Amino acid sequence: MKKEFIVLKPQYMSEFQCIGAACSDTCCSGWRVDIDKRTYKNYRKINDKKMATKISEQVKRNKDNKNEDLYASIQTNGGNCGFLNNGLCDIQLNLGEDYLSKTCLSYPRVFNNVDGQVELSAKLSCPEIARLVLLNPEKMEFNIEEEQLDTRHSYRMTMNSSQSIWHSCFWQVRSFVIEILQNRNYTISQRLIFLGFFCEKLFNISRSSDFTQSQIMNVINEFQTKMHNPSTKIQITDLPKVLHVQIKLLMEMLQPRKSNHIRYNNYSEQTSIAFALDTMDQTIVEERYSEGYNNYYKPFIEEHSYILENYLVNQVFERTFLFNRSSDILEEYTLLVSLYSMLRFHIQGVAAYTKQMSVNEAMSIIQAFSKVIDHSPLFLKSLTDHIKNSNFDTWALLTILVKE
């Protein structure tokens with residue numbers, strides 16, 4: 001059933017259409033496909049005997065799971081969904097969209113609800129979304145439109161700006177965070193460091209039991225003034241670059257991640273070879289890393305910084321950055337920096353290995369990275385925990401991680 005909603009969404013969502021069998025990395029492969037209870041019950045009622053038999057073979061109940069969205073799952077065949085047929089979905093072809101599970105109906109879309117208004121964005125693990133988001137050299141913009149949406153979609157996050165003092169500043173904080181990330185007078189690294197200073201100030205204020213809305217607004221005003229002050233950029237530029245700590249931390253963060261995604265594994269292997277990571281020789285690794293940065297990564301990203309800018313802005317919008325109920329300001333910023341740093345490490349590594357980089361290759365790396373990393377909550381939590389449990393001051397360590 002569809003219903004009219006007021007929707008806030010990035011402009012790319014108005015252009016998005018699934019390209020089906022033409023997709024270079026099908027969403028019907030590489031992960032478990034969950035079936036919600038309502039869809040499962042509908043499968044038990046279908047009259048198409050051939051499809052009923054196939055569903056009986058391919059869909060298995062998760063009897064130990066009490067979550068109705070994880071009521072059952074589809075069996076995989078060589079990593080592919082059991083209903084994948086020449087790049088298309090047998091269920092949609094034979095039964096129609098109404099019989100798709102919530103997971104399949106929604107992906108790659110992400111739905112949030114803020115102040116009763118739907119926020120719609122999408123995951124960059126979808127190649128078509130990655131193309132629309134990352135290859136647009138213009139700053140990401142947002143529209144409010146009326147739209148017919150299926151009522152079965154689930155919200156990743158529901159919040160109201162009246163629920164607390166902190167939440168009352170949601171719109172102002174988010175607007176300024178995006179303003180920082182889209183300020184092209186600074187490099188991407190400098191923007192993230194400045195964002196870190198802003199987040200640290202907010203974090204310290206929010207830890208007080210009696211902080212006020214005016215204190216938050218004063219911080220926003222203070223940092224807006226700082227952002228337009230030329231001395232701020234000089235101060236960030238003069239921060240030390242602690243390369244050996246940066247490389248060591250990135251190697252530790254990436255080491256435990258295993259994948260069955262061939263293209264991601266190839267990119268990881270190329271990065272390892274380019275930086276001679278297997279030698280475990282700090283001097284050699286630093287030399288290779290610096291050479292790759294100066295000769296290939298830096299010239300490319302100076303011309304195409306919008307790629308990572310759009311990646312970060314999409315993350316901020318999709319994740320309702322700094323306002324997740326399960327994490328605090330420090331954890332949110334830690335995750336954003338971790339994702340960016342690992343991504344940059346891969347792009348820099350592949351550029352050093354191939355001695356070149358193109359916008360299409362960078363997009364491909366980000367899409368593969370997103371499919372492997374972005375859909376693994378346990379791995380994402382392990383990243384933030386690893387940094388939090390280090391022997392360094394966390395805010396200082398995060399600055400080291402992004403400093404170029």
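As a basis for the values below, the full set of heavy atoms in this structure was taken, side chains included, without hydrogen atoms, waters or symmetry mates. Please read all numbers here as calculations on a predicted model, not as lab measurements.
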ask   = Yes or no on side-chain contact (heavy atoms from CB on, under 4.5 Å) for Arg174 and Thr320, after CA distance, side-chain angles and deciding distance?
value = CA-CA 8 Å; Arg174 176 200 261 175; Thr320 55; 3.9 Å; yes

Aromatic Tyr293 / basic Lys241 pairing, under 6.0 angstrom, 45° off normal = yes

message = Centroid separation under 6.0 Å, is that true for the rings of Phe275 and Phe345?
response = yes

message = Is it the case that the side chain of Gln348 and the backbone of Tyr289 share a donor-acceptor pair, with hydrogens and angles ignored and the cut-off at 3.5 Å?
response = yes

message = Other residues, nucleotides and ligands only: do more than 12 of their heavy atoms fall within 6.0 Å of CD on Gln148?
response = yes

message = One pair to check against side-chain contact (heavy atoms from CB on, under 4.5 Å): Thr271 and Leu250. What are the steps and the verdict?
response = CA-CA 12 Å; Thr271 299; Leu250 283 164; over 6 Å; no

request  = Determine the interplanar angle of the Phe323 and Trp166 rings, folded into 0 to 90°, and report it as parallel if under 30°, tilted if 30 to 60°, perpendicular if over 60°.
outcome  = parallel

message = For the backbone of Ala352 and the side chain of Arg288, can you confirm whether one donor and one acceptor N or O come within less than 3.5 Å of each other?
response = no

request  = Look up atom CD in Gln92 and atom CG in Asp98, then write down how far apart they are to the nearest 0.5 Å.
outcome  = 10.0 Å

query = With no hydrogens and no angle check, is any side-chain donor or acceptor of Thr399 less than 3.5 Å from a backbone partner on Trp395?
reply = yes

request  = Keeping the roles fixed (side chain from Asn324, backbone from Ser327), state whether a donor-acceptor pair exists under 3.5 Å.
outcome  = no

Gln117 versus Leu8, closest heavy-atom pair with distance = NE2-CB, 3.5 Å

query = In terms of side-chain geometry, is the basic nitrogen of Glu404 or Lys298 positioned less than 4.0 Å from the acidic oxygen of its partner?
reply = no

request  = For the residue pair Tyr107 and Ser125, confirm or rule out a side-chain donor-acceptor distance under 3.5 Å.
outcome  = yes

request  = Measure up the His153 and Phe111 rings against each other and bin them: parallel (under 30°), tilted (30 to 60°), perpendicular (over 60°).
outcome  = parallel

message = Determine whether a donor-acceptor pair (N or O, by modelled atom type, separation under 3.5 Å) exists between the side chain of Gln213 and the backbone of Ile165.
response = no

ask   = Any side-chain heavy-atom pair from Leu124 and Phe369 closer than 4.5 angstrom?
value = no

query = Without hydrogens or angle criteria, can the side chains of Ser161 and Asp115 be said to hold a donor-acceptor pair below 3.5 Å?
reply = yes

remark   = Note: Asn265 and Ser259 closest approach over all heavy atoms is ND2-O, 3.0 Å

task = Check whether the side chains of Tyr296 and Thr354 place a donor and an acceptor atom closer than 3.5 Å, and report yes or no.
result = no

request  = Run the numbers on Leu401 and Tyr340 for side-chain contact (heavy atoms from CB on, under 4.5 Å), then give the verdict.
outcome  = CA-CA 10 Å; Leu401 199 51; Tyr340 164 80; over 6 Å; no

ask   = Just by modelled atom types, is the Ile205 backbone N or O under 3.5 Å from a matching donor or acceptor in the Ser208 side chain?
value = no

ask   = Is there a side-chain contact between Val337 and Leu195, using heavy atoms and a 4.5 Å cut-off?
value = no

Backbone N/O of Phe203 and side chain of Ser206: donor-acceptor pair under 3.5 Å = yes

Ser290 (side chain) donor-acceptor with Glu286 (main chain) under 3.5 angstrom = yes

ask   = With no hydrogens and no angle check, do the side chains of Ser101 and Asp36 hold a donor and an acceptor under 3.5 Å apart?
value = no

query = More than 12 foreign heavy atoms under 6.0 Å from CZ of Arg207: is that the case here?
reply = no

task = Answer yes or no: does atom NZ of Lys139 have more than 12 heavy-atom neighbours from other residues, nucleotides or ligands under 6.0 Å?
result = yes

note = When every non-hydrogen atom of Val242 is compared with those of Ile400, the smallest separation belongs to O-CG2, 3.7 Å

remark   = Heavy atoms of Tyr40 and Ile35 approach each other most closely as N-CG2, 3.8 Å

inquiry  = Just so I know, are the side chains of Asp34 and Tyr71 near enough to count as touching, which here means a heavy-atom distance under 4.5 Å?
reply    = no

key: Ionic contact status for Arg131 with Glu128, cut-off 4.0 Å   = yes

request  = Give the intermediate values and the outcome of side-chain contact (heavy atoms from CB on, under 4.5 Å) for residues Thr39 and Lys102.
outcome  = CA-CA 8 Å; Thr39 303; Lys102 278 187 180 182; 5.6 Å; no

inquiry  = Regarding Ser189 and Thr187, do their side chains bring together a donor and an acceptor under 3.5 Å, going by distance alone?
reply    = no

message = For a 4.5 angstrom cut-off between non-hydrogen side-chain atoms, does Gln172 reach Met217?
response = yes

query = Should we say atom CG of Asn86 is surrounded by more than 12 heavy atoms from elsewhere, each under 6.0 Å from it?
reply = no

ask   = So do the side chains of Arg263 and Lys371 get within less than 4.5 Å of each other, counting heavy atoms only?
value = no

Heavy-atom side-chain proximity of Tyr155 to Val118 below 4.5 angstrom = yes

ask   = Pick from Tyr297, Tyr264, Tyr353: which one makes a ring-ring contact (aromatic ring centres under 6.0 Å, His included) with His346?
value = Tyr264

Output a table of donor-acceptor pairs, distance under 3.5 Å, between side-chain atoms of residues 304-316 and any protein atom two or more places apart or on a different chain; print 'none' if there are none.
from, atom 1, to, atom 2, distance (Å)
His304, ND1, Tyr306, OH, 3.4
Glu309, OE1, Arg184, NE, 2.8
Glu309, OE1, Arg191, NH1, 2.9
Glu309, OE2, Arg184, NH2, 3.0
Asn310, ND2, Val133, O, 2.9
Asn310, ND2, Asn136, O, 2.9
Asn310, ND2, Tyr306, O, 3.3
Tyr311, OH, Gln315, NE2, 3.4
Asn314, OD1, Tyr12, OH, 2.5
Asn314, ND2, Ala122, O, 3.1
Gln315, OE1, Arg319, NE, 2.5

Residue pair Glu15, Gln11: steps toward the side-chain hydrogen bond (donor to acceptor under 3.5 Å, both in side chains) verdict = CA-CA 7 Å; Glu15 302 175 50; Gln11 285 183 342; over 6 Å; no

query = With a cut-off of 6.0 Å (strictly less than), are more than 12 heavy atoms of other residues, nucleotides or ligands near CD1 of Ile273?
reply = yes

ask   = side-chain contact (heavy atoms from CB on, under 4.5 Å) with Ile180: which of Phe198, Phe223, Tyr186?
value = Phe198

task = Say whether, by atom type as modelled, one donor and one acceptor occur between the side chain of Asn62 and the main chain of Leu70 under 3.5 angstrom.
result = yes

inquiry  = Nearest 0.5 Å, please: how far is CD1 in Ile373 from CG in Leu343?
reply    = 10.0 Å

ask   = Counting only N and O atoms by type, is there a donor-acceptor contact under 3.5 Å from the side chain of Ser341 to the main-chain atoms of Val402?
value = no

message = Counting only heavy atoms not in Glu179 (residues, nucleotides, ligands), do more than 12 fall under 6.0 Å from its CD?
response = yes

message = Within the 4.5 Å heavy-atom criterion, are Glu119 and Met157 side-chain neighbours or not?
response = no

ask   = Between Gln58 and Gly82, which heavy-atom pair has the shortest distance, and what is it?
value = OE1-CA, 3.5 Å

key: Taking every non-hydrogen atom, the tightest pair across Asp210 and Gln215   = O-OE1, 4.3 Å

query = Can we say Lys123 and Glu318 salt-bridge, meaning some charged N sits less than 4.0 Å from an Asp/Glu carboxylate O?
reply = yes

inquiry  = Are Leu249 and His386 packed together at the side-chain level, in the sense that at least one heavy-atom pair is separated by less than 4.5 angstrom?
reply    = yes

ask   = For residues Ser162 and Asn160, is any side-chain donor paired with an opposing acceptor at under 3.5 Å?
value = yes

